[in-house]
Amino acid sequence: MNDYTPKPEHKFTFGLWTVGNRGRDPFGDFVRPPVTPIQIVKKLSSLGAYGVNLHDNDLVPIDASPSERDSIVKEFKQALSDYNMHFVMGTTNLFFDPLFKDGAFTSNHPQVRAFTLQKCMQAIDLAAEMGAETYVFWGGREGTETDAGKDPIEALKWFRDGINFLIHYVKDQGYPLKFAFEPKPNEPRGDIYLPTVGSMLAFIETLDDPAMCGVNPEVAHENMAGLNFVHAVAQAIERGKLFHIDLNGQKFSRYDQDFRFGAEDIKGAFFLVKMLEESGYGGPRHFDAHAYRTEDEEGVWEFAKGCMRTYLILREKANRFHQDEEIQGILEQIHAWDTDLQARTSYSKENADWLRAHAFDLDALRNYGYQYEKLDQLTTELLLGIR
Ligand code: GLT
Ligand code: MN
Ligand code: MN
């Protein structure tokens, strides 16, 4: 019997900004006291997490002197090693400082675009020094409220030029870092460029080294756009582009809620976990979420435990799905391929002639029942715990 206890081998990670979230929103101030990065490392380690992620300024204040920076980093690295925690993903905060109000890579101001490169190089150095595998770019302010002032075609070119600069910087430094791009349709900007996983995948192919670049899809972000997250992730997996993932919970079409993983849309979360486990995705299971604003510090740790526990429960449900004879029986019928016909669907001149002449039984196809109602009900019952 599974006890659903998280262990480092499950590769659960949290951003410092997630469990460190103090509950401030556009309408209300902080509701929780700060928790230091070292306290976070210690506590997450005791809960069975594998590692942490951070933005440059989650750890090092933007105005820290070089010697302050070095001592903060040294102390943090010591904590990681003392508590057997890994530093997995690094990123740059390109959204908080007021100078980024018109974006970073896509700001209309050339000095902001140049400063963005400087800030990213420093943050990449930090991530590489601490052993990160992946570097995330979330362009929260890369967008507009009005298209009157910025040319979206020009903005995409600036974005590409900036990322290409950093691709070459990483190569020149010899860092073993991969880049992962995180799309979001809106918030905090009215509209954000490259709003979905699909648009990000297309953009990646235009970069100087597409092989070094993949995506970091987030449940909430695709759901905000009304899209099926499992399908978005499937496309990334199918192209070998799922470099990292942001797991959380979200009601469709709302603001970016970043709820505990599985807090909403349990069936969507189930199919996601099932796909991640079956696809052989070996990357971290990162929770980019935070506790409800109603919570005190204890509630924050309940939130963190809940994310990991729900993942493990859904993973066990995916195993049960495979062991359930009735479910598997239906799937076998659905997947009963006509192998002779299948062989005819790869192109050759002969197959084209054969297919052109083949007489299909269209009425049989029209009348075929796919049994999805039964299958979905069985899946629902499995998730509800009665199978
Ligand atoms: C911010 C955002 C997230 C991104 C983080 C990485 S920062 O919390 O809401 O979706 O993943 O920059
Ligand atoms: Mn995210
Ligand atoms: Mn989010």
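Atoms considered below: every heavy atom in the structure, side chains included; atoms not considered: hydrogens, waters and symmetry mates. In listed order, ligands and their atoms are each counted from 1.
- A heavy-atom cutoff of 4.0 Å around ligand 1 is satisfied by the protein residues Trp17, His55, Thr91, Phe95, Trp138, Glu182, Glu218, His221, Asp246, Asp256, Asp288.
- Screening Arg309, Glu316, Arg315 against Tyr4 for a side-chain hydrogen bond (donor to acceptor under 3.5 Å, both in side chains) leaves a single residue, Glu316.
- Excluding water, every protein N/O/S atom under 2.8 Å from the Mn ion (ligand 3) is given here by residue and atom: Glu218 OE2, His221 NE2, Asp256 OD1, Asp256 OD2, Asp258 OD1.
- Lys374 has a carboxylate O that lies under 4.0 Å from a charged side-chain N of Glu326, or vice versa, which qualifies the two as a salt bridge.
- Using a 4.0 Å cut-off between charged nitrogen and carboxylate oxygen, Asp191 and Lys184 do not count as a salt-bridge pair.
- Counted within 6.0 Å of CD on Glu75, heavy atoms from surrounding residues, nucleotides or ligands total 12 or fewer; the atom is thus considered open.
- More than 12 heavy atoms of other shown residues, nucleotides or ligands fall within 6.0 angstrom of atom OH in Tyr292.
- Remark: Lys178 fails to qualify as a cation-pi partner of Tyr135 under the 6.0 Å distance and 45° angle criteria applied to the six-membered ring.
- Cation-pi check for Arg285 over Phe12 is not met; the charged atom does not lie both under 6.0 angstrom from the ring centroid and within 45 degrees of its normal.
- Within Glu182, the N, O or S atom lying nearest to the Mn ion (ligand 2) carries the name OE2.
- Of all heavy-atom pairs spanning Pro37 and Leu16, the tightest one is CB-CD1, 3.8 Å.
- The number of heavy atoms from other shown groups lying within 6.0 Å of NZ (Lys7) is above 12.
- Between Phe179 and Phe137, the two ring planes are perpendicular [angle over 60°; tilted spans 30° to 60°].
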